[in-house]
Amino acid sequence: MNNILAINGGKPVRDCYLPYGQQWIDEADIQVVVETLKSNYLTTGPKVAELEEKIAEYVGVKHAVAVSNGTAALHAACFAAGIKEGDEVITTPLTFAASANCILYQGATPVFADIDPKTYNIDIHDLERKITDKTKAIIPVDYTGQVVDIDPILKLAEKHNLIVIEDAAHALGTEYKGKKVGSIAHMTTFSFHPVKHITTGEGGVITTNDEEFYKKLSLFRTHGISRDKKLLVNNEEGSWYYEQLELGYNYRITDVQCALGVSQLEKIDRFIDRRRELVKKYNEYLSAVDGVIIPYQGDYSHSSYHLYVVQIEVEKFSVGRKEIFEALKAENIGVNVHYIPVYYHPYYQKLGYKKGLCPNAERIYERIITLPLFPKMSNDDLKAVVNAVNKVLTYYKE
Ligand SMILES: *Cc1c(COP(=O)(O)O)cnc(C)c1O
């Protein structure tokens with residue numbers, strides 16, 4: 001085997017770059033999109049309603065509201081929860097910025113609770129410590145697809161009268177104690193970005209069993225405007241009449257996108273089975289590699305695995321995560337880091353968040369690397385990743 005690292009001028013393990021995540025679009029997907037383009041509806045039409053029904057049925061919930069992306073889904077959920085200026089909302093720092101930005105959109109204050117060093121999900125004890133009389137809601141994230149232990153969070157929420165919005169952008173198809181994510185928290189949000197479990201290009205959805213939340217989410221998606229006579233202040237006007245009742249946005253998703261979403265959803269079981277199969281192989285190979293900690297999974301979680309994140313025991317190597325990351329990338333392996341703690345970003349630093357706030361998240365951030373994982377990946381792709389990890393870690397071993 002060629003053991004000169006590609007970063008030092010050797011031959012890379014792979015000839016072409018393997019991305020960390022990628023959609024899987026087939027002929028059937030293309031066909032339904034073309035049919036929708038030929039239909040009478042481009043935006044809000046029958047395909048939006050169909051995708052909402054099918055998502056609701058899939059996760060086992062009463063209502064689903066499809067929107068333009070997962071960030072809009074979070075924003076809409078924060079609006080429906082009545083989050084406003086002066087409120088505090090607790091979330092995790094080990095997430096995509098959108099999980100906290102949605103709190104700022106509503107003029108409220110994000111409060112970061114540290115993560116559990118084993119699951120990398122929000123730590124229930126730190127969460128409880130951060131509750132004040134200003135706390136209005138909790139936004140836990142199902143990091144990588146592993147569901148957060150939601151029962152204790154819901155119990156805490158009940159005690160303090162808080163709303164729980166689960167950011168399940170990573171967890172479509174994940175089960176919590178045998179029940180699908182999406183029907184458990186007060187509201188749950190998903191994303192249909194191309195790297196997520198199913199895609200509509202850009203897209204997202206909020207699911208809920210609560211009638212009031214459902215009405216607010218639907219209003220918020222289209223400017224806060226309604227034609228529903230039961231909701232209008234003045235219902236004496238003619239049939240042209242509508243009213244703006246709230247300050248909403250245009251967060252609509254198109255029929256073209258939803259046609260793709262419906263077609264993708266038909267394949268979700270296959271997509272998830274393949275993700276689980278790949279993770280099993282990764283775990284087998286990588287648990288034997290000294291210096292690599294494979295993902296932990298709580299017994300309450302049956303993950304649909306959006307991401308495969310390993311922790312590097314950096315103390316066992318002559319270099320840090322940065323050098324290992326760059327060396328893997330040079331081998332043509334599409335590594336990534338999920339995530340930079342949200343409050344490290346200059347925007348949050350300017351708001352006054354200080355480094356040191358969540359020591360577990362900060363420590364984990366220095367040690368994690370995301371390896372490629374997507375259903376279309378072949379077993380040979382996976383072996384190349386494992387070979388690259390072995391090659392790089394062997395070279396840098398202390
Ligand atoms: C992808 C993602 C989002 C945002 O979804 P978009 O559809 O990209 O707006 C929010 N939260 C998490 C944790 C995500 O991974």
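Index from 1, following the sequence. One-based numbering, in listed order, for ligands and for the atoms of each. Reckoned from all heavy atoms, side chains included, excluding hydrogens, waters and symmetry mates.
Protein residues are said to neighbour a ligand when one of their heavy atoms lies under 4.0 Å from it; for ligand 1 these are Asn69, Gly70, Thr71, Leu74, Thr95, Phe96, Ala98, Ser99, Val141, Asp167, Ala169, His170, Ser191, Lys196, Gly203, Tyr339.
Two rings, from His338 and Tyr20, have their centers less than 6.0 Å apart.
Counting only residues at least two apart or on different chains, the side-chain hydrogen bond (donor to acceptor under 3.5 Å, both in side chains) pairs with a member in residues 346-356 are Asn101-Tyr348.
A cation-pi arrangement is absent between Arg275 and Tyr308 under the rule of less than 6.0 angstrom and at most 45 degrees off the ring axis.
Side chains of Thr135 and Val89 form no contact here, defined as non-hydrogen atoms less than 4.5 Å apart.
Counted by atom type alone, Tyr296 and Gln146 present zero donor-acceptor pairs between their side chains at under 3.5 Å. Side-chain atoms of Asp149 and Tyr176 form a donor-acceptor pair, as typed in the model, at a separation below 3.5 Å.
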